[in-house]
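Positions are given from 1, in the same order as the sequence printed here.
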Amino acid sequence: MLQPIALLASPEDTEAQFYEALQQGDIDKLMAVWSDDDEIVCVHPGGPRLVGAAAIRAAFEQMFGGGGAIHARPDKVRRIQTLTTAVHSVLEKVEFSSADGPRTAHVVATNVYVKGPQGWRLVCHHASPGSAQELQDLATPQAALLH
């Protein structure tokens, strides 16, 4: 794996670089935000669990190969942070073209960052399909759901 290109001073800096790399289709910039830990994990909507930099890189290279970039942007980020760990719950808006014209998809993602000698690095990106309904945060109990 490539060495990180810069010290990332905060989880927010790391997240901004992650989404910027997606939008630019820049695999090296994208991989630079990941930790060099062997156990990093990425799950794309409906996909398998990818473990390790090689598997994650291959999946993103394949995704970038189709159109060169992923037009995803974070929205409504919820943050929990300690001295060395941060968890961001993110609603992503993904814009793409279809036969019916421009479309928007919604993804619910969790990004986990750990602070180490190289600054804040991504250790887990877990994304699930979402809907426009996710744009409204639910803070009250709903009908029982099976986990």
CD on E92 to CG on D75, rounded to 0.5 Å: 10.0 Å

I56 CD1 to H125 NE2 distance, which is reported to the nearest 0.5 Å: 10.0 Å

Separation between CG of L122 and CG of D37, rounded to the nearest 0.5 Å: 11.5 Å

Rounded at 0.5 Å granularity, tell me how far CG in N111 sits from SG in C124. 8.0 Å

Sorted by first residue and then second, give each salt bridge (Lys or Arg N to Asp or Glu O under 4.0 Å) pair with at least one member in residues 95-112; sequence neighbours left out. R73-E95

If you link I, L, V, M, F, W and Y whenever their side-chain heavy atoms are under 4.5 Å apart, who else ends up in the same group as I80? none

Would you name the heavy atoms of V90 and P74 that are closest together and state the gap between them? CG1-CB, 3.6 Å

Shortest non-hydrogen contact from A59 toward L50: CB-CD1, 3.4 Å

Which pair of non-hydrogen atoms, one from V107 and one from A127, has the smallest distance, and what is that distance? CG1-CB, 3.6 Å

Return the set of residues passing side-chain contact (heavy atoms from CB on, under 4.5 Å) with Q24 (not counting sequence neighbours), or none when no residue passes. E20, D26, K29

dist L22:CG -> F64:CZ (nearest 0.5 Å) comes out at 5.0 Å

Side-chain heavy atoms of H106 within contact of V108, under 4.5 Å: no

State, yes or no, whether a side-chain contact exists between D28 and R57 at a heavy-atom distance under 4.5 Å. yes

Would you mind reporting whether L30 and F18 have side-chain heavy atoms less than 4.5 Å apart? yes

Can you list the other members of the hydrophobic cluster that holds V41, where links are side-chain heavy atoms under 4.5 angstrom apart? V43, V51

Determine yes or no for a side-chain-to-main-chain donor-acceptor pair under 3.5 angstrom, with Q81 supplying the side chain and V87 the backbone. no

Specify whether H44 and F60 have parallel, tilted or perpendicular ring planes, treating 30° as the upper limit for parallel and 60° as the lower limit for perpendicular. perpendicular

Closest heavy-atom pair, Q17 versus A32, reported as atoms and distance to 0.1 Å, is NE2-CB, 4.1 Å

Do V33 and W120 make a side-chain contact, defined as non-hydrogen atoms from C-beta onward lying under 4.5 Å apart? no

Would you please name every residue forming a side chain to side chain donor-acceptor pair (under 3.5 Å) with H88, sequence neighbours left out? E15

Nearest atoms (heavy-atom pairs only) where A86 meets P11: CB-CG, 3.6 Å

Tell me if a side-chain donor or acceptor on T14 pairs with a main-chain N or O of S10 at a distance below 3.5 Å. yes

Does R49 have any side chain to side chain donor-acceptor pair (under 3.5 Å) partners at least two apart in sequence or in another chain, and if so, which? none

